[in-house]
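Single-structure report; data block below.
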Amino acid sequence: MAAQQQKQNYQRILEHTLEEIGKNGAVPTLLLHSCCAPCSSYVLEYLSQYFEITVFYYNPNISPKEEYEKRVEEQRRLIEPERFYQASRGHEQDPEGGERCFSCYRLRLEEAARIAQRGEYDYFTTTLTISPLKNAEKLNEIGEELEGIYAIKHLPSDFKKKNGYKRSVELSAEYGLYRQDYCGCIFSKREREAACENSRKNTE
């Protein structure tokens with residue numbers, strides 16, 4: 001029987017990377033893909049002492065338009081959602097956390113890597129690993145692959161660790177940030193609504 005591959009501890013890898021950056025004394029640049037303001041809150045607090053950060057909001061999966069506008073807040077440039085629907089074609093019925101989500105992870109991370117390469121950043125990463133519902137292992141796997149393609153270092157992370165998710169909830173309350181109750185795409189919205197409806201029926 002083949003030995004089972006041991007899971008990576010991305011929080012430890014991140015801490016080691018940050019320790020090395022601290023020793024060097026220089027402040028590298030980081031393009032941080034942001035999925036939403038609440039997730040960004042903790043990550044910015046955590047990483048701002050190590051990096052010069054540019055926040056990159058690229059989330060064409062968000063639907064409907066009103067939801068997108070809530071999340072993007074004062075950002076004026078709206079991003080067309082067609083690329084997400086192309087990437088998720090054939091996976092519309094997948095459950096949350098399946099292959100459709102993995103395609104969405106790659107869509108957003110690849111755009112971040114492309115922009116980071118164009119802007120000659122030292123690193124790129126995403127806030128997505130702060131969510132307990134997101135697959136940090138898959139996100140880091142995609143990031144590592146894109147690092148090889150775009151020659152921009154991927155900053156590994158699992159921001160939910162060390163109470164990161166809890167801190168993001170606290171900061172959201174402190175700053176009065178809108179916290180969404182579904183991932184963002186129309187498919188996760190339908191799944192959430194169906195779960196709420198089933199829950200309502202079960203309590204009647």
Side-chain angles (χ1 to χ4, degrees), residues 10-11 14-15 18 27 29-81 83-84 96-97 100-101 104-105 107-109 111-112 115-116 119 121 123-136 139-140 143 155-200 203:
Y10 292 104
Q11 177 59 34
L14 171 62
E15 288 171 2
L18 297 180
V27 180
T29 53
L30 169 69
L31 186 79
L32 175 66
H33 167 259
S34 170
C35 56
C36 65
C39 290
S40 301
S41 61
Y42 165 73
V43 178
L44 287 168
E45 180 183 68
Y46 183 24
L47 295 182
S48 60
Q49 59 188 308
Y50 301 99
F51 296 96
E52 181 184 323
I53 301 173
T54 299
V55 175
F56 175 50
Y57 186 91
Y58 177 72
N59 301 290
N61 58 310
I62 305 298
S63 179
K65 186 180 177 183
E66 292 77 16
E67 178 71 16
Y68 183 93
E69 289 175 343
K70 279 183 186 177
R71 297 190 192 196
V72 79
E73 298 179 324
E74 296 187 23
Q75 183 179 326
R76 301 299 184 201
R77 183 173 59 89
L78 296 178
I79 300 168
E80 294 295 328
R83 289 191 66 196
F84 168 68
E96 190 77 9
R100 183 186 70 242
C101 294
C104 186
Y105 294 170
L107 173 69
R108 292 186 275 175
L109 273 170
E111 187 66 11
I115 295 293
Y121 287 85
Y123 290 87
F124 76 98
T125 195
T126 179
T127 61
L128 285 165
T129 64
I130 201 169
S131 170
L133 301 177
K134 299 293 186 292
N135 187 324
L139 283 160
N140 282 285
L155 185 68
S157 70
D158 193 350
F159 290 122
K160 70 180 71 65
K161 297 287 180 70
K162 295 183 71 173
N163 290 319
Y165 177 73
K166 180 184 175 187
R167 179 61 179 153
S168 77
V169 172
E170 292 170 352
L171 287 166
S172 296
E174 184 178 334
Y175 292 108
L177 298 175
Y178 161 67
R179 288 191 72 85
Q180 59 277 355
D181 63 359
Y182 69 99
C183 177
C185 74
I186 190 63
F187 310 115
S188 65
K189 182 173 170 62
R190 287 174 188 161
E191 190 171 323
R192 171 71 178 168
E193 288 171 347
C196 289
E197 179 63 18
N198 288 337
S199 178
R200 184 188 64 79
T203 56

Give the minimum heavy-atom separation between [X] and [Y], together with the two atoms involved.
| X | Y | value |
| --- | --- | --- |
| Leu109 | Leu139 | CD1-O, 3.6 Å |
| Val27 | Glu52 | CG1-N, 3.6 Å |
| Tyr123 | Ala116 | O-CB, 4.4 Å |
| Asn140 | Ser157 | ND2-O, 2.7 Å |
| Pro156 | Tyr10 | CB-CD2, 3.9 Å |
| Lys160 | Ala136 | NZ-CB, 3.8 Å |

Could you measure the distance from the [atom1] atom of [X] to the [atom2] atom of [Y]? Nearest 0.5 Å is fine.
| X | Y | atom1 | atom2 | value |
| --- | --- | --- | --- | --- |
| Cys104 | Lys134 | SG | NZ | 8.5 Å |
| Tyr182 | Phe187 | OH | CZ | 12.0 Å |
| Ile53 | Thr125 | CD1 | OG1 | 10.0 Å |
| Ser188 | Asp181 | OG | CG | 9.5 Å |
| Tyr68 | Ser63 | OH | OG | 12.0 Å |
| Leu155 | Leu31 | CG | CG | 11.5 Å |

With distance as the sole test, does Ser172 use its side chain to make a donor-acceptor pair with the main-chain N or O of Ser168 at under 3.5 Å?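 It does hold such a pair.
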Between the side chain of Gln11 and the main-chain N/O of Lys162, is any donor-acceptor distance below 3.5 Å?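 A pair under 3.5 Å: no.
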Heavy-atom count around Glu15 CD within 6.0 Å, excluding the residue itself: above 12?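 Yes.
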Consider only side-chain N and O atoms of Thr54 and Tyr121, and report whether a donor and an acceptor are under 3.5 Å apart.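 Yes.
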Salt bridge flag under 4.0 Å for residues [X] and [Y]:
| X | Y | result |
| --- | --- | --- |
| Arg71 | Glu67 | yes |
| Arg108 | Glu111 | no |
| Glu170 | Arg167 | yes |

Under a 4.5 Å cut-off applied to non-hydrogen side-chain atoms, are [X] and [Y] in contact?
| X | Y | result |
| --- | --- | --- |
| Gln49 | Leu18 | no |
| Asn61 | Tyr105 | no |
| Cys183 | Leu133 | no |

Could you check whether the rings of Tyr50 and Tyr46 sit parallel, tilted or perpendicular, using 30° and 60° as the cut-offs?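 Perpendicular, since the angle between the ring planes exceeds 60°.
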Apply salt bridge (Lys or Arg N to Asp or Glu O under 4.0 Å) to residues Arg190 and Glu193 and explain how you reach the verdict. CA-CA 5 Å; Arg190 287 174 188 161; Glu193 288 171 347; over 6 Å; no
Going through the distances and angles, do Leu32 and Leu44 end up as a side-chain contact (heavy atoms from CB on, under 4.5 Å)? CA-CA 9 Å; Leu32 175 66; Leu44 287 168; 3.9 Å; yes
Yes or no on side-chain contact (heavy atoms from CB on, under 4.5 Å) for Asn59 and His33, after CA distance, side-chain angles and deciding distance? CA-CA 9 Å; Asn59 301 290; His33 167 259; 3.2 Å; yes
Should Leu14 and Phe159 be marked as a side-chain contact (heavy atoms from CB on, under 4.5 Å) after you check the CA-CA gap, both sets of side-chain angles, and the distance that decides it? CA-CA 9 Å; Leu14 171 62; Phe159 290 122; 3.8 Å; yes
Stepwise, does the side-chain contact (heavy atoms from CB on, under 4.5 Å) test hold for Tyr58 with Thr126? CA-CA 10 Å; Tyr58 177 72; Thr126 179; over 6 Å; no
